[in-house]
Amino acid sequence: QEGRTPASVETGTMKLELGIADKFNLLSVLMIIMTAVAVATYVVQYEKVLAYDALVSNGELIARTIAKNSAQGIRTGKSGEMTGLVDGALTNKDVSFVAITNTEFVPLLQRHADNVSAVPSVPYSNGSTPSTRHLVIRDDAASTVNFLVPVMTAANSGDVTDDKPAGDAELHSMVVVYVWLGLGLEAMYEKVATYLANIAMIAAVATLLSSFFMLIISKRIFRPMATLATAMENVTEGDLDRRVEVVASNELGRLATGFNLMIERLGHAYQELEEHKDNLEIRVVERTRELEEAREAAEAVSRYKSEFLATMSHEIRTPLNGIVGALELMTSARRDRIPGLVDMAKLSADALLDIVTEVLDLSRLEYGHELARSREYDLKGVIKSVQLAMEPVAKAKGVSLSVDLPDDLPPSVVGDPAMVRQICMNLLGNALKFTDVGFVKIKLDLKRAGEFDVEVDLCVSDTGCGIAPEDQ
C-alpha cells in the first residue's frame, strides 16, 4: 500500500506505524461508519416515534369505539352487547386486555390475551379522583400502553355518552363506567426491529461501497506521494540523478516539479562544493598567513600599550611626587612659607594636568584630529617653575637643587610650554631618583639667537650613581 512505512521493533515489542495513506483510509472509513450509524439511529428513532404515535392513535380509536358502543348497551340494559364488544376487541392482535369498571374502578367485565396473566388495576383505584377526560398511560414494566376512557351521562338528561365534558370535578357524577384498554408494545418493537435490520443492512452496503470508492480515490492521491518519498530516500543515499515524473498540474504536480528543481539545485551546490574543496588548501594557507600577521600586529599593539603605560606611570609619578612633597612640607612649615609651598603644589598639579592633556591629545591624533599647541611663553619662567615644583622632592632627600640660566635668553619664545616643562621634570625626576647626596643642577645655554628663532641646550647634571656605559 502506498504511503505505508515499515513496522519497527522496539524493546522486543512490535510497534506498527501507519503511513499517511493508511491513516487517511482508516479515518475515512471511520467517518463513513459513524455517519451511517448516526443516520440509521435517527431514522430508527423517528420510525419508532411514528410507530408509537400510530399505536396510540389506534388504541384511542378502539377505546372510544368500545366506550361509545358500551353507552348504547348501558341505555338498553343489554350486557351481552358489552361482552361482545370486549371479546371483539381482543381479536385485534395489538390488544392485551379490555375491562369495563364502575366509578370505583372495580372491574364489571374484563378479558385479556393469552400472553397476559391478568388485567392490571387502574392507577386511580386507591380512591383518588381521576380526570373525566380519557387518559393515555404507558406501562414500560408490562410493555403496554393503557387507555382509560370514561362513559358518562349527559347533563340534565339520562342519556349515556362518551363525549368529553368541559369540567372535571363538578361533572364527576356524570361518569357511569370506565373503559380500561391496554395495547401491547411487542408488535411495535418487532416492527422497529425489522426496520432496524433493514436499515443496518442498507447502511452496511453503503459503508462498503463508500469505503471501496474511498480506497480507490486515496490510492490515486497517495501513489504520487509514495513515488516522491521513494525518490527522496534515493536522494538521501546520494543519487542526485533521480527525477520524478510530473503527471498532473495540480498540487502534487507542483510538488513534483519543485522536487526536481530542488534536486537540480542540490546537484549544482555539490559541484560548487567540490570546486571549493580543490581550492581549500590554498585558502587555508592564505588565511593562516593573514591570521599570523594579525597576531603579530596584536602583539605589537599589546607591547606598545605596555610601553606606553610604563612611560605614563613614570611621567605621572614625577608631578605627583612634587605635589606630595609640597603637602608634606606644609605640615611642618612656618606660616610665611605656606604660600610658596602652595605654589609648588600648583605647579606640580599643572604639570600633571599637562600630562593628562597630552594623553587626550594622543587619542585625538588617533582619530586624525590636528593639534595646535604652540604659543608664546616665558622659557625662564617654565624652567623656574619646574625647579619650584621639584624642590620639595630634593629637600626631602637632602639634595641641593639649582638652576643656571643665561642672562641673554629672550624674555619670550613661541613653542609648546607643556612639552618643555614635561621634559625638564622627567630629567630632574630621574636625577633626583638616583641621587642620595650632593646636588642636582639644571643648566640652559643659548647656542644661537636668530631673527626668528633661537637654539638652546638643556643639561641636567647630578652627583648620583649615573648610568652604566653598557646601558647608555
Side-chain angles (χ1 to χ4, degrees), residues 1-25 27 218-315 356 358-371 471:
Q1 173 113 25
E2 292 82 4
R4 175 175 297 176
T5 57
S8 60
V9 180
E10 295 182 358
T11 63
T13 302
M14 181 70 71
K15 181 181 179 181
L16 179 61
E17 297 180 357
L18 297 177
I20 297 177
D22 293 330
K23 294 178 180 178
F24 177 80
N25 294 334
L27 181 62
S218 65
K219 188 175 182 180
R220 293 178 60 87
I221 293 175
F222 290 104
R223 179 178 296 171
M225 296 181 63
T227 303
L228 280 174
T230 303
M232 183 62 73
E233 292 176 357
N234 294 331
V235 170
T236 57
E237 295 175 357
D239 184 8
L240 299 180
D241 297 329
R242 176 63 64 92
R243 295 293 185 272
V244 178
E245 182 181 1
V246 180
V247 297
S249 59
N250 53 14
E251 290 81 359
L252 293 176
R254 291 194 294 270
L255 180 62
T257 303
F259 176 82
N260 294 334
L261 182 59
M262 179 190 68
I263 296 303
E264 183 177 355
R265 292 179 178 176
L266 187 60
H268 293 324
Y270 280 162
Q271 184 177 359
E272 293 178 358
L273 181 61
E274 293 296 330
E275 294 176 357
H276 285 303
K277 288 173 61 178
D278 295 337
N279 300 326
L280 181 60
E281 185 176 355
I282 298 175
R283 294 185 179 182
V284 169
V285 173
E286 293 177 354
R287 185 59 178 167
T288 303
R289 184 175 64 252
E290 294 175 357
L291 292 175
E292 184 66 22
E293 293 175 355
R295 184 185 64 81
E296 293 176 355
E299 291 178 352
V301 170
S302 178
R303 184 171 60 255
Y304 294 151
K305 183 183 296 184
S306 300
E307 294 175 357
F308 173 77
L309 292 176
T311 302
M312 288 308 302
S313 63
H314 176 72
E315 297 284 345
V356 175
E358 290 178 359
V359 173
L360 297 177
D361 290 342
L362 179 61
S363 299
R364 294 183 62 191
L365 287 173
E366 290 180 352
Y367 285 98
H369 298 289
E370 296 182 358
L371 300 176
D471 295 333

Out of curiosity, Arg289 CZ to Glu293 CD, how far, rounded to the nearest 0.5 Å?
6.5 Å

Sequence neighbours excluded, the answer for side-chain contact (heavy atoms from CB on, under 4.5 Å) partners of Ala300 is Arg303, Tyr304

Run the side-chain contact (heavy atoms from CB on, under 4.5 Å) test on Arg295 and Leu291 for me, step by step, so that the C-alpha distance in whole Å, both residues' side-chain angles and the decisive distance to 0.1 Å come before the verdict.
CA-CA 6 Å; Arg295 184 185 64 81; Leu291 292 175; over 6 Å; no

For a salt bridge (Lys or Arg N to Asp or Glu O under 4.0 Å) check, start with the C-alpha distance between Glu286 and Arg283, then their side-chain angles and the critical distance, and finish with the verdict.
CA-CA 5 Å; Glu286 293 177 354; Arg283 294 185 179 182; over 6 Å; no

